[in-house]
Amino acid sequence: MIQKIQQILGEINALTAATAEELETLRIKYLSKKGEISALVNDFRNVANEEKREIGQHLNTLKNRAQERFAELKETLENSQSTSSDIDLTRPALPIELGTRHPLSIVKNEIIEIFARIGFTIAEGPEIEDDWHVFGALNFPPEHPARDMQDTFFIEKNPDVLLRTHTSSVQSRVMMAQKPPIRVLCPGRVYRNEAISYRAHCFFHQVEGLYIDTNVSFADLKQALLYFAKEMFGEKTEIRLRPSYFPFTEPSAEMDISCNLCGGKGCPFCKHTGWVEILGCGMVDPNVLENCGIDSSVYSGYAFGMGVERITNLKYQVKDLRMFSENDLRFLQQFEAAY
Ligand code: DAH
């Protein structure tokens, strides 16, 4: 009998099971009521009394070892199952989706890059401004009708606090803070009291340019703007300057570029004129220089200002201005490839 016990003990120690079913079959074979170990326990009754003590010990060892072994096998099976089938370590992780740059930022950065190549650096100013920086310093006298040109958001309690209507306010800040030569670009958001529609919004974006030095002429302005137009819209682009009026520049002009959709032949976009307006510009009025503490007998300069939405529309034909501020992913994702 001892021999039989040792043999089963050997078998138990060598047991393996690849699946839960296999393990259950083995458990039935050894540990169930009709299993081999139970059979030995039954036989034990017939063992001679003097042998009972020794054989009993062996039998107990076998029973304990068998239970232990089955518990071990169960555990290894469970562990291996959870790593091999529940968690797939080779599976790629969920991707973190990349955002896209906003079309207005793409175009603003492009404008900045183009002017950076001819020496312009960036200046920024506050969006909540005062009357002096937005109007006063820029040659808008208190009751001047030119103030009506812009529908301004004033703060009721203190009309000296207002939301800037143009980035030209940064011109006055820069001129008061720096000595010429000055060559800056001022990008930023501006606010006007407009009813929101597909072609107007109560806020939009501008890029202002300012160049002050000795002997700056209108020819310098024209050349810088021609360079910009060609870099932005293509080598074949032509420009046209039309006389205009702004309180802070004298002379003033508005600049058109040859329509980049029809190449200047005339189409619905340019209203069959072949030209589209893109910016205002001029020679900085000597009064503005003096208001900002710059000697107008020594220095002269030019300035220009353009709308970023307008340039973006020319490049990408966005038909409705409201799309720029709706945060609709279907719109924004279309600019994925643009930078
Ligand atoms: N500030 C003007 C506007 O908002 C644009 C402008 C015109 C800016 C002429 C300039 C300039 O610097 O010289 O309509």
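Numbers for residues simply follow the sequence, beginning at 1. Read the numbers this way: they start at 1 and go in the same order the structure lists the ligands and their atoms.
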Hey, can you tell me if [X] and [Y] have their rings parallel, tilted or perpendicular (30° and 60° cut-offs)?
X: F203; Y: H201; answer: tilted
X: F331; Y: F324; answer: perpendicular
X: H166; Y: F135; answer: tilted

Ignoring hydrogens and geometry beyond distance, is a side-chain donor-acceptor pair present between [X] and [Y] at under 3.5 Å?
X: Q7; Y: E11; value: yes
X: T100; Y: Q333; value: no
X: E208; Y: T167; value: yes
X: R69; Y: N13; value: no

**Request:** Report the member of G301, G307, G305, P247 with the shortest heavy-atom distance to atom 5 (C) of ligand 1.
**Result:**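 Residue with the shortest heavy-atom distance to the ligand atom: G305.
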**Message:** On a heavy-atom basis, I'd like to know which of Q171, R192, E208 is closest to atom 14 (O) of ligand 1.
**Reply:**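 Going through Q171, R192, E208 one by one, R192 has the nearest heavy atom to atom 14 (O) of ligand 1.
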Should you measure from each heavy atom of [X], which atoms of ligand 1 turn up under 4.0 Å away?
X: H166; result: 1 (N), 4 (O)
X: F246; result: 7 (C), 9 (C)
X: G282; result: 13 (O)
X: S168; result: 1 (N), 8 (C)

**Request:** List in chain and number order the residues that pass salt bridge (Lys or Arg N to Asp or Glu O under 4.0 Å) with E54, two or more places apart in sequence or in another chain; answer none if no residue qualifies.
**Result:**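 For E54, no residue satisfies salt bridge (Lys or Arg N to Asp or Glu O under 4.0 Å) once neighbours in sequence are set aside.
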Side chain, backbone, both or neither: which part of [X] comes within less than 4.0 Å of ligand 1 when only heavy atoms are counted?
X: F304; result: backbone
X: C281; result: backbone
X: E250; result: neither

**Message:** Can you list everything that forms a ring pair (Phe, Tyr, Trp, His ring centres under 6.0 Å) with F120? Sequence neighbours excluded, please.
**Reply:**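 Testing F120 for ring pair (Phe, Tyr, Trp, His ring centres under 6.0 Å), a comparison that skips the adjacent residues, returns F115.
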Check if [X] has a non-hydrogen atom at a distance under 4.0 Å from any atom of ligand 1.
X: E254; answer: no
X: M306; answer: no
X: F248; answer: yes

**Asked** Do A303 and ligand 1 have an N or O pair less than 3.5 Å apart?
**Response**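 Yes: some nitrogen or oxygen of A303 is under 3.5 Å from one in ligand 1.
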**Asked** Short N/O distance, under 3.5 Å, between T165 and ligand 1?
**Response**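 No, there is no polar N/O contact under 3.5 Å.
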